[in-house]
Novice: 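Would you mind keeping the following structure in view while I ask a few things?
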Amino acid sequence: MQHETPQALLDYAQSFAGFTLGELCARYKEQVPQQLLHKKGWVGQFLEMILGATSGSLAQPDFPELGVELKTLPIDEQGRPLESTYVSVVPLMNIQGLRWENSVVRHKLMHVLWIPIVASREIPIEDRQVAMPFLWQPTSEEEQALKQDFEDVLVQVSLGRIEQLDARLGDILQVRPKAANSKALTDAIGPDGATIKTLPRGFYLRPQFTKRCLQQQFG
DNA sequence: TCGTGATCATAA
DNA sequence: TTATGATCACGA
């Protein structure tokens, strides 16, 4: 399945609206996990599969030829996001010369295909319904805000202050651990400029921001 | 109830 | 190990 344009991809994605994950799994002869505790990325990977995304775990948009990133978004029955949205790893080394304009975060967020899923915890996985997918691009104001959050983080990282940085920083983009567990370590710049070991971090979109995206789209 | 920090699976 | 896909779960 190759999509010629973002609109064609959107049209195809919207053809799945209203179906439950159980119905879609039956159609593709996939097994629905009974719980997501040990399959946390399953919903996103299933949607990638049926929509024909091919980037795998490369640090680039899911549909590189379209410049479109696919994101599932768990929502409650009122359409409110239930979780933050992971965007990308926070670069901690060799960040001299790294700018917003050539960042992975920007490349992914410049064009997103959101696929909301009604996914309150009390709903069995197989009964969770795909809501209406939509394409989203940040306004210039939104991009400025994203850029500001991104640059604020990179300043701290470049100053060797990664350990002082926590999830409270950032109006839209926040930084949180992104690791197998709290003992995972990666290289970063230390306070004195030497290399230190620290917990890998990721950029996440706050739920309040994705809530605004939903409201803009659906009123 | 919500936000932060912790965690789980998998591919390359 | 690092990237992807995320959700879990505890304390305020």
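Just so it is clear, the structure is predicted and the values come from calculations on it, not from any experiment. The figures here come from the full heavy-atom set of this structure, side chains too, leaving out hydrogens, waters and symmetry mates. Proteins come first, then strands; the chains are lettered A, B, ... in the order of their sequence lines, and each starts at number 1.
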Novice: State which of C:dA6, C:dG5, C:dT7 makes the closest approach to the side chain of A:E83.
Specialist: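 Side chain of A:E83 sits closest to C:dT7.
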Novice: For a quick check of understanding: with a heavy-atom distance under 4.0 Å over all strands, which category does A:L92 fall into, base, sugar-phosphate or nothing?
Specialist: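 Nothing: the residue A:L92, judged by heavy atoms under 4.0 Å, touches no strand.
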Novice: Under 4.0 Å between a side-chain N or O of A:R168 and OP1 or OP2 of B:dG5?
Specialist: no
Novice: What integer distance in Å separates A:L47:CG from C:dG5:P?
Specialist: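 Whole-Å distance recorded here is 12 Å.
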Novice: Let me know the distance between CG of A:L205 and C1' of B:dG3, rounded to the nearest Å.
Specialist: 15 Å
Novice: Among B:dG5, C:dT4, C:dA6, which nucleotide has an atom closest to any side-chain atom of A:D166?
Specialist: B:dG5
Novice: Would you indicate what A:L82 reaches in the nucleic acid, counting non-hydrogen atoms under 4.0 angstrom: base, sugar-phosphate, or nothing?
Specialist: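 Result for A:L82 = nothing.
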Novice: How is A:P74 classified with respect to the nucleic acid when contacts are heavy atoms under 4.0 Å: base, sugar-phosphate, or nothing?
Specialist: sugar-phosphate
Novice: If you look at every strand shown and take non-hydrogen atoms under 4.0 Å, does A:E69 touch a base, only sugar-phosphate, or nothing?
Specialist: sugar-phosphate
Novice: If you check every side-chain atom of A:T72, which of C:dC8, C:dA6, C:dG5 has the closest atom?
Specialist: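 So the side chain of A:T72 is nearest to C:dA6.
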Novice: Could you run down the sub-3.5 Å N/O contacts of the protein with nucleotides 9-12 of chain B?
Specialist:
| residue | atom | partner | partner atom | Å |
| --- | --- | --- | --- | --- |
| B:dA9 | OP1 | A:H38 | ND1 | 2.9 |

Novice: Hey, what's the ring geometry for A:Y28 with A:F46, parallel, tilted or perpendicular (30° and 60° as the breaks)?
Specialist: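 The arrangement is perpendicular - the two ring planes meet at more than 60°.
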Novice: Below 4.0 angstrom, N of the basic side chain to O of the carboxylate: do A:E151 and A:R99 qualify?
Specialist: no
Novice: Base, sugar-phosphate or nothing for A:K71? Non-hydrogen atoms, less than 4.0 Å.
Specialist: sugar-phosphate
Novice: So how far is it from A:M110 CE to A:L146 CG, rounded to the nearest 0.5 Å?
Specialist: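 Result: 9.5 Å between the selected atoms.
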Novice: Quickly work out the A:L70 CG to C:dG5 P distance and round it to whole Å.
Specialist: 8 Å
Novice: Can a donor-acceptor pair be found between the side chains of A:Q96 and A:S158 at a distance below 3.5 Å?
Specialist: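 Absent: no donor and acceptor within the cut-off.
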Novice: To the nearest Å, give me how far apart CZ (A:F203) and C1' (C:dT4) are.
Specialist: 16 Å
Novice: Report the nucleotide, chosen from C:dT4, C:dA6, B:dG5, that has the shortest atom-to-atom distance to any side-chain atom of A:Y204.
Specialist: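 Among the listed nucleotides, the one closest to the side chain of A:Y204 is C:dA6.
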Novice: Can you tell me how far C1' of C:dA3 sits from CE of A:M93, to the nearest Å?
Specialist: 17 Å
Novice: Give a yes or no on whether a salt bridge exists between A:E163 and A:K197, defined as a side-chain N under 4.0 angstrom from a carboxylate O.
Specialist: no
Novice: Classify the nucleic acid contact of A:R121 as base, sugar-phosphate or nothing, counting any heavy atom under 4.0 Å across all strands shown.
Specialist: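 Result for A:R121 = base.
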Novice: Please report the distance, rounded to the nearest Å, between OH in A:Y86 and P in B:dG5.
Specialist: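 After rounding, the gap between these two atoms is 17 Å.
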Novice: Taking only the side-chain heavy atoms of A:R176 (C-beta and beyond), determine which of B:dT4, C:dA6, B:dT7 contains the nearest atom.
Specialist: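 When the side chain of A:R176 is considered, B:dT4 is the closest of B:dT4, C:dA6, B:dT7.
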Novice: Should the ring pair A:Y12 and A:H3 be called parallel, tilted or perpendicular, given that the plane angle runs from 0 to 90° and is split at 30 and 60?
Specialist: tilted
Novice: Could you pick out which residue, A:T85 or A:A59, lies toward the 5' side of DNA chain C when each is mapped onto its nearest nucleotide?
Specialist: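 Final value for this comparison: A:A59.
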Novice: Using a 6.0 Å distance limit plus a 45 degree cone around the ring axis, check whether A:R27 lies over the aromatic ring of A:F19.
Specialist: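 Checked: cation-pi criterion met.
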Novice: Return the value, rounded to whole Å, for the distance between atom CD of A:Q174 and atom C1' of C:dA6.
Specialist: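 So the two atoms are 14 Å apart, to the nearest Å.
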Novice: Taking only side-chain N and O atoms of A:R201, does any of them lie within less than 4.0 angstrom of OP1 or OP2 on B:dG5?
Specialist: no
Novice: To the nearest angstrom, how far is A:I75 atom CD1 from C:dT7 atom P?
Specialist: 12 Å
Novice: DNA chain C: A:S84 or A:K108, which has the more 5' nearest nucleotide?
Specialist: A:K108
Novice: Before accepting this row, confirm whether a basic side-chain N of the pair A:K147/A:E101 lies closer than 4.0 Å to the acidic partner's carboxylate O.
Specialist: yes
